[in-house]
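Here's the structure, in structure tokens; my notes come after.
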Amino acid sequence: MTARLILAPMEGVLDHLMRDLLTRINPFDLCVTEFIRVVDMRLPPRVFYRLCPELHSGCTTPNGTPVRIQLLGQDEHWLAENAIQACELGANGIDLNFGCPAKTVNKSRGGASLLADSEQLYRIGKAVRDAVPAHLPVSAKIRLGLEDRESYLENSQALAEAGINELAVHARSKKDGYRPPAYWPMVANIRAALSIPVVINGEIWNSEHAKQAKAQSQCSDVMLGRGALALPNLAATIKDNIAPMNWYEVVALLLDYSSQEIAGDKGEYYPNRIKQWLSYLKIQYPEANTLFREIRTLTHTDDIRRTLAAL
């Protein structure tokens with residue numbers, strides 16, 4: 001079986017426009033949406049359509065890549081209710097977020113904060129798995145732990161026993177944040193303990209990193225997040241062994257993305273969005289750092305567009 005490449009969920013960054021752009025130039029097998037926050041009610045359809053407009057077209061990106069809807073919350077009943085809602089609207093799978101390290105999420109016992117309670121992970125996983133039609137997958141994403149990296153086997157086994165179909169693991173604890181290194185070998189312990197597919201994620205910036213992550217974690221499947229924003233054709237370099245994009249090809253993508261952002265419902269957020277993407281591109285392209293300095297004080301869309309067009 002060919003190893004899968006999955007585009008990670010990234011709150012505030014990987015929206016439907018970015019999913020469209022990156023799946024057009026990369027052989028991704030699956031995308032996961034930004035999380036939909038669940039508290040104590042069944043959310044109306046408009047919430048699901050806003051975070052996942054692909055529901056209008058078979059829950060796939062325009063090029064046909066499947067999109068899985070991610071839910072975040074602490075209450076198993078309401079997570080199950082909203083999983084049902086998502087499936088009734090056309091979702092082709094549900095992903096559960098137990099990895100988000102953001103303080104605003106964790107202080108209300110969401111995301112990575114649940115890694116301190118393996119029993120609750122089990123209850124959530126089982127409730128959602130029982131609620132979702134059997135032919136649709138339920139997956140989850142975790143980190144190696146909360147304050148340390150000791151609870152990952154217990155948490156992984158709790159979710160597997162709950163019946164989820166696959167598990168993505170960001171190879172750091174919540175306390176580690178995004179600081180290198182990623183502890184890929186620890187994920188091999190999860191891989192050995194579970195019978196379901198395990199997906200490696202974290203600190204994969206180029207094709208060599210992907211090879212090392214797969215070898216050290218013993219995982220076949222790879223999830224790409226920040227690396228896919230820093231090198232836009234990262235998945236293609238990994239799967240198809242093609243050369244990384246040069247800066248001028250990236251500029252063409254920036255212009256393409258700009259036209260979509262301005263035409264879409266997020267046009268008012270365009271200046272912040274393009275600066276946010278450049279903050280990742282700076283990791284791979286020195287030219288992006290120069291461009292970022294040129295536009296960082298600009299607040300008007302037209303001024304930024306003119307700067308990009310002049311490159």
Side-chain angles (χ1 to χ4, degrees), residues 5-34 52-54 56-57 60-67 204-210 222-311:
L5 291 175
I6 301 170
L7 185 59
M10 288 182 66
E11 168 68 6
V13 186
L14 278 168
D15 62 4
H16 69 102
L17 296 176
M18 188 62 80
R19 290 195 292 270
D20 175 22
L21 185 148
L22 293 182
T23 56
R24 274 191 275 132
I25 61 173
N26 286 289
F28 280 112
D29 299 281
L30 175 69
C31 302
V32 182
T33 67
E34 301 166 272
C52 184
E54 293 97 335
H56 292 293
S57 54
T60 64
T61 65
N63 86 329
T65 305
V67 180
I204 299 170
W205 301 100
N206 55 49
S207 59
E208 186 58 33
H209 289 162
V222 175
M223 177 177 279
L224 303 174
R226 295 180 303 150
L229 293 169
L231 179 60
N233 70 332
L234 174 59
T237 70
I238 294 170
K239 184 172 279 189
D240 299 334
N241 200 32
I242 67 171
M245 281 185 156
N246 64 42
W247 173 241
Y248 294 103
E249 291 171 317
V250 173
V251 169
L253 275 184
L254 286 167
L255 287 167
D256 185 348
Y257 178 75
S258 300
S259 64
Q260 292 188 59
E261 272 283 349
I262 292 166
D265 56 358
K266 292 185 176 179
E268 61 183 301
Y269 305 121
Y270 167 74
N272 288 335
R273 290 269 172 164
I274 200 75
K275 292 173 190 175
Q276 193 174 28
W277 190 11
L278 282 171
S279 71
Y280 289 101
L281 289 169
K282 287 191 298 184
I283 296 168
Q284 295 281 2
Y285 299 92
E287 299 93 334
N289 193 37
T290 303
L291 177 58
F292 181 81
R293 289 200 301 269
E294 287 182 36
I295 70 168
R296 66 181 174 183
T297 59
L298 301 180
T299 57
H300 296 292
T301 295
D302 289 343
D303 293 336
I304 296 174
R305 288 290 307 275
R306 276 194 291 271
T307 303
L308 287 175
L311 293 174

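Here the structure is a predicted model, which means the values were calculated and not measured. Starting from 1, each residue takes its place in the sequence as its number.
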Next item on the list: Without swapping roles, check the side chain of Asn233 against the backbone of Ala243 for a donor-acceptor pair under 3.5 Å.
Entry: yes
Checklist line | Gap between atom OG1 of Thr290 and atom CH2 of Trp247 - 0.5 Å precision | finding: 8.5 Å
Next item on the list: Please examine the side chains of Ser258 and Trp277, heavy atoms only from C-beta on, and report whether any two atoms are closer than 4.5 Å.
Entry: no
Margin query: Would you compute the distance between atom CG of Asn246 and atom OH of Tyr285 and round it to the nearest 0.5 angstrom?
Written below: 7.5 Å
Margin query: Could you measure the distance from the CG atom of Asp240 to the CG atom of Leu5? Nearest 0.5 Å is fine.
Written below: 9.0 Å
Notebook entry, point to check: Does some side-chain heavy atom of Leu291 sit less than 4.5 Å from a side-chain heavy atom of Leu308?
Noted result: yes
Check: Which of these passes side chain to side chain contact (heavy atoms under 4.5 Å, CB included) with Cys31: Thr60, Leu14, Thr65?
Finding: Thr65
Notebook entry, point to check: Taking only residues two or more places apart in sequence or in another chain, which ones pass side chain to side chain donor-acceptor pair (under 3.5 Å) with Tyr280?
Noted result: none
Margin query: Tell me whether Arg24 is salt-bridged to Asp20, with the criterion being a basic N under 4.0 Å from an acidic carboxylate O.
Written below: yes
Margin query: If you count heavy atoms of other groups shown closer than 6.0 angstrom to NE2 of His56, is the number above 12?
Written below: yes
Note to self: Checking Asp29 now: which residues fulfil side chain to side chain donor-acceptor pair (under 3.5 Å) with it, not counting sequence neighbours?
What the structure shows: Lys239
Notebook entry, point to check: Which value, rounded to the nearest 0.5 Å, describes the distance between Leu278 atom CG and Arg296 atom CZ?
Noted result: 12.5 Å
Notebook entry, point to check: What closest approach, in Å, do Gln260 and Leu17 show between heavy atoms, and which atom pair accounts for it?
Noted result: OE1-CD2, 3.6 Å
Check: Any side-chain heavy atom of Gln284 sitting closer than 4.5 Å to one from Val250?
Finding: no
Margin query: Taking the side chain as everything from C-beta on, heavy atoms only, tell me whether Leu30 gets closer than 4.5 Å to Pro66.
Written below: yes
Notebook entry, point to check: What are the two closest heavy atoms between Ala8 and Gly225, and how far apart are they?
Noted result: CB-CA, 3.8 Å
Next item on the list: Under the side chain to side chain contact (heavy atoms under 4.5 Å, CB included) rule, what do Glu287 and Val251 come out as? Steps first, then yes or no, please.
Entry: CA-CA 10 Å; Glu287 299 93 334; Val251 169; over 6 Å; no
Check: Which heavy atom in Tyr257 sits nearest to a heavy atom in Met18, and how many Å separate them?
Finding: CE1-CE, 3.8 Å
Check: At what distance, to the nearest 0.5 angstrom, does CD1 of Ile274 lie from OG1 of Thr307?
Finding: 11.0 Å
Item checked: CA sep, side-chain torsions, deciding dist, call: Ile25, Leu253, side chain to side chain contact (heavy atoms under 4.5 Å, CB included) -> CA-CA 10 Å; Ile25 61 173; Leu253 275 184; 3.7 Å; yes
Check: Which of these, Val13, Leu281, Leu224, sits in a side chain to side chain contact (heavy atoms under 4.5 Å, CB included) with Leu229?
Finding: Val13
Next item on the list: For residues Glu54 and Arg19, determine if any side-chain heavy atom of one lies less than 4.5 Å from a side-chain heavy atom of the other.
Entry: yes
Notebook entry, point to check: Is it true that Asp302 and Arg305 make a salt bridge, defined as a side-chain N closer than 4.0 Å to a carboxylate O?
Noted result: no
Item checked: Criterion side chain to side chain contact (heavy atoms under 4.5 Å, CB included) against Phe28, the qualifying member of Leu7, Asn63, Ile6, Thr61 -> Leu7
Notebook entry, point to check: If every non-hydrogen atom of Ala235 is compared with every non-hydrogen atom of Asn26, which pair is closest and at what distance?
Noted result: N-OD1, 3.3 Å
Margin query: Contact between Met223 and Pro9 at the side-chain level, heavy atoms closer than 4.5 Å - yes or no?
Written below: yes
Margin query: Show the nearest heavy-atom pair for residues Asp15 and Arg273, with the distance to one decimal.
Written below: OD2-NH1, 3.1 Å
Item checked: Which residues share a side-chain contact (heavy atoms from CB on, under 4.5 Å) with Ser207, sequence neighbours left out -> Thr237, Ile238
Notebook entry, point to check: NZ/Lys282 to CZ/Arg293 distance, rounded to the nearest 0.5 angstrom?
Noted result: 8.5 Å
